[in-house]
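It should be emphasised that the depicted structure is a prediction, and the values quoted were computed from it without experimental measurement.
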Amino acid sequence: MTDSLQATVRTRANVYFDGKCVSHSLELADGSKKSVGVILPSTLNFNTGAPERMELVDGECRVKLPGAADWATYRGGQSFDVPGNSAFDIEVTQTLHYVCHFL
């Protein structure tokens, strides 16, 4: 993902989990939707509506995806996919900067 793109940005932040996760919603010219945000060190459970790809820009976390028996570690430069209408657990150990691509 580049730092320059044509998009509509919702300037009001999405604030979740008492401020531990803050993001901004984007809609690109092609109609695709993304969010760009940060998660502070914490352990959280996220619910999904649409399938999504979490692209990690910087930081580190452990993730337990739906149906997985074990946690997996991810760092900046990596990504993981989450099915729609599901939930996943994330433990952020280093402040996590991310782009969420709604598929």
Novice: Is there side-chain contact between Met54 and Ser79, with at least one heavy-atom pair below 4.5 Å?
Specialist: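 No, their side chains stay 4.5 Å or more apart.
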
Novice: Hey, can you tell me if Phe88 and Phe80 have their rings parallel, tilted or perpendicular (30° and 60° cut-offs)?
Specialist: perpendicular

Novice: Specify the closest pair of heavy atoms between Glu60 and Arg75, including all atoms of both residues, with the distance to one decimal.
Specialist: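 Closest approach of Glu60 to Arg75, heavy atoms only: OE1-NE, 3.0 Å.
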
Novice: Should Tyr98 and Leu65 be regarded as members of a common hydrophobic cluster, given that ILVMFWY residues are connected when their side-chain heavy atoms come within less than 4.5 Å of each other, either directly or indirectly?
Specialist: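 As far as the 4.5 Å side-chain criterion goes, Leu65 and Tyr98 are connected within one cluster.
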
Novice: Which value, rounded to the nearest 0.5 Å, describes the distance between His101 atom NE2 and Lys33 atom NZ?
Specialist: 15.5 Å

Novice: Might you point out which heavy atoms bring Pro83 and Ser86 nearest each other, and give the distance in Å?
Specialist: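 The answer is O-OG, 2.6 Å.
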
Novice: To the nearest 0.5 Å, what is the distance between CG on Asn45 and CZ on Phe17?
Specialist: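 Interatomic distance, Asn45 CG to Phe17 CZ, rounded to 0.5 Å: 6.5 Å.
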
Novice: Does the side chain of Leu56 reach to within under 4.5 Å of the side chain of Leu96, using non-hydrogen atoms?
Specialist: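 The answer is yes; the side chains approach within 4.5 Å.
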
Novice: Check Leu44 against Lys20 and note the closest heavy-atom contact, atom names and distance.
Specialist: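 Residues Leu44 and Lys20, closest heavy atoms: CD2-CD, 4.3 Å.
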
Novice: Do the side chains of Phe102 and Ser25 get nearer than 4.5 Å, heavy atoms only?
Specialist: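 The answer is no, as the side chains (C-beta and beyond) never meet within the 4.5 Å cut-off.
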
Novice: Tell me, yes or no, whether the heavy-atom count around Asp30 atom CG, taken from other residues, nucleotides or ligands under 6.0 Å, exceeds 12.
Specialist: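 Above 12, so yes.
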
Novice: Search all heavy atoms of Ala13 against all heavy atoms of Val22 and return the closest pair with its distance.
Specialist: CB-CG1, 3.9 Å

Novice: Hey, any chance Tyr74 and Phe46 share a hydrophobic cluster, counting ILVMFWY side chains that come within less than 4.5 Å of each other, even indirectly?
Specialist: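 In one cluster with Tyr74: Phe46, yes.
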
Novice: What are the two closest non-hydrogen atoms of Lys64 and Asp70, and how far apart are they?
Specialist: CG-O, 4.1 Å

Novice: For Cys61, which of Ile90, Thr95, Thr93, Ile39 qualifies under side chain to side chain contact (heavy atoms under 4.5 Å, CB included)?
Specialist: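 When Ile90, Thr95, Thr93, Ile39 are each tested with Cys61, the side chain to side chain contact (heavy atoms under 4.5 Å, CB included) holds only for Ile90.
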
Novice: Decide yes or no for Cys100 and Ser23: does some side-chain heavy atom of the first lie under 4.5 Å from some side-chain heavy atom of the second?
Specialist: no

Novice: Following the transitive rule for hydrophobic clusters with a side-chain heavy-atom cut-off under 4.5 Å over Ile, Leu, Val, Met, Phe, Trp and Tyr, establish whether Val57 and Val9 coincide in one cluster.
Specialist: yes

Novice: Quick check: do Leu40 and Val92 have side-chain heavy atoms less than 4.5 Å from each other?
Specialist: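 No, every pair of side-chain atoms sits at 4.5 Å or beyond.
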
Novice: How long is the span from the CZ atom in Arg53 to the NZ atom in Lys34, to the nearest 0.5 Å?
Specialist: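 Rounded to the nearest 0.5 Å, the CZ-NZ separation comes out at 9.0 Å.
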
